[in-house]
Visitor: 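After the structure tokens below, expect a handful of questions from me.
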Amino acid sequence: MFLAWEFGADIRALQAQAQAALASLNALDTSYPFDPAAQTSLDTERFAVALEVRAQLADELVQLGDDMEELQRKEDSGESDIGWRQMVHRMIGSVTGIMPGFADKLTAAKMSWPEFAWHTRVLWSVLYRVDIGVGEPGLEPLRNSYTTFKTKYDALRRDQKGLPELRDLLGEFPPAVLSSAAEVMGRDLQLVKQGLRVP
């Protein structure tokens, strides 16, 4: 009862923000419909936009993690004495904006979540090719990105039964799609790396 009283308003705010963001994401799906099964080629401009959105999201999530670590460090070292209750309030408040931020970025990009997801699957499929040694030489600095992601995903599969194999989840793409994506990625490796900090 104490936890419900202490953190109830934070949890309700989190739920309200998530519901509003979900409504925004569903509206985007209506405004900018995208059928993954119908894609036979890659719109390189849209793929580049998806990489930019991904990098922006990663920036925010990495900053959030850094802020939480710094807050915890200060608490542990005695530089701060906010206490565990205020710590939890801040943590909940920090994560409350994640989903609305995602919705805002997709709205600015005029991109539905199925389109963003499809481009994300293309990205990881290109990185898979790099890791097995058949990717474009210019992407060599991205080697092991897929392997690192797969290690984390496989650990998640062990904890949550029923998740598909990562390769099955990614699916298959025409070679021309992967080649076009690799070319876009090769133009700005730093942007790709920026987006891969949060797989």
Visitor: Once side-chain hydrogen bond (donor to acceptor under 3.5 Å, both in side chains) is applied, do any residues pair with R54, and if so which ones, sequence neighbours excluded?
Guide: none
Visitor: Looking at K110 and T107, would you say the former's side chain and the latter's main chain have a donor-acceptor pair under 3.5 Å?
Guide: no
Visitor: Are there more than 12 heavy atoms of other residues, nucleotides or ligands under 6.0 Å from atom CD of E140?
Guide: yes
Visitor: At their closest point, which heavy atom of S112 faces which heavy atom of L106, and how far apart are they?
Guide: C-CD1, 4.4 Å
Visitor: With no hydrogens and no angle check, is any side-chain donor or acceptor of S145 less than 3.5 Å from a backbone partner on L142?
Guide: yes
Visitor: Only counting residues at least two apart or in another chain, list the ones meeting salt bridge (Lys or Arg N to Asp or Glu O under 4.0 Å) with D154.
Guide: K150
Visitor: Under the 3.5 angstrom rule, does the side chain of S180 hit a backbone N or O of L42 as a donor-acceptor pair?
Guide: no
Visitor: I need the H119 NE2 to R46 CZ distance, nearest 0.5 Å.
Guide: 6.5 Å
Visitor: How close do S125 and G171 get, heavy atom to heavy atom, and via which atoms?
Guide: OG-O, 4.3 Å
Visitor: Can you tell me how far the OH atom of Y128 sits from the CG atom of L166, to the nearest 0.5 Å?
Guide: 10.0 Å
Visitor: For the residue pair P33 and T30, what are the closest heavy atoms and their distance?
Guide: CD-O, 3.5 Å
Visitor: Please check if the number of heavy atoms outside W124 that lie under 6.0 Å from its CH2 is greater than 12.
Guide: yes
Visitor: From L156 CG over to R158 CZ, what is the distance, rounded to the nearest 0.5 angstrom?
Guide: 9.5 Å
Visitor: Taking atom OG1 of T151 and atom CZ of F149, what is their separation to the nearest 0.5 Å?
Guide: 10.5 Å
Visitor: Could you report the tightest heavy-atom contact between G138 and L189, atom names first, then the distance?
Guide: O-CD1, 3.5 Å
Visitor: Closest heavy-atom contact between L178 and V126?
Guide: O-CG2, 3.7 Å
Visitor: Can the ring centres of F116 and F34 be said to be less than 6.0 Å apart?
Guide: no
Visitor: Side-chain contact test, heavy atoms from C-beta onward, threshold under 4.5 Å: evaluate it for L169 versus Y153 and give yes or no.
Guide: yes
Visitor: Charged N to carboxylate O under 4.0 angstrom, K105 versus E52?
Guide: no
Visitor: When clusters are formed by joining ILVMFWY residues with side-chain heavy atoms under 4.5 Å apart, either directly or through shared neighbours, do V198 and L170 land in the same one?
Guide: no
Visitor: Under the criterion side-chain contact (heavy atoms from CB on, under 4.5 Å), I'd like the reasoning laid out for E136 against M185: C-alpha separation, chi angles, the key distance, then a yes or no.
Guide: CA-CA 10 Å; E136 285 69 5; M185 292 163 63; over 6 Å; no
Visitor: In terms of hydrophobic clusters joined by side-chain contacts under 4.5 Å, are L139 and V177 together?
Guide: yes
Visitor: Using atom types as modelled and distance alone, determine if a side-chain donor or acceptor of R157 lies under 3.5 Å from a backbone N or O of G162.
Guide: no
Visitor: Hey, are the side chains of L61 and R197 touching, using non-hydrogen atoms and a 4.5 Å cut-off?
Guide: no
Visitor: Report yes if the distance between the aromatic ring centroids of F173 and W118 is under 6.0 Å, otherwise no.
Guide: yes
Visitor: Donor-acceptor check, side chain of D131 to backbone of R143, threshold 3.5 angstrom: yes or no?
Guide: no
Visitor: In terms of hydrophobic clusters joined by side-chain contacts under 4.5 Å, are L57 and Y32 together?
Guide: yes
Visitor: Which pair of heavy atoms, one from V122 and one from A181, lies closest together, and at what distance?
Guide: CG1-CB, 3.5 Å
Visitor: Does the E60 side chain pair with the main chain of Q56, one donor and one acceptor, at a distance under 3.5 Å?
Guide: no
Visitor: Please check this pair: side chain of N144 against backbone of T147, looking for a donor-acceptor N/O pair closer than 3.5 Å.
Guide: no
Visitor: Could you pull out all residues at least two apart from A48 that satisfy side-chain contact (heavy atoms from CB on, under 4.5 Å)?
Guide: V184
Visitor: Could you tell me the separation between the CG atom of D35 and the CD atom of E115, rounded to the nearest 0.5 Å?
Guide: 12.0 Å
Visitor: Is there a continuous path of hydrophobic side-chain contacts, each under 4.5 Å between heavy atoms, that joins W113 to V53?
Guide: yes
Visitor: Transitively linked via ILVMFWY side-chain contacts under 4.5 Å: F47 with V192?
Guide: yes
Visitor: Give, for atom CD of Q194 and atom CG of D188, the distance between the pair rounded to the nearest 0.5 Å.
Guide: 8.5 Å
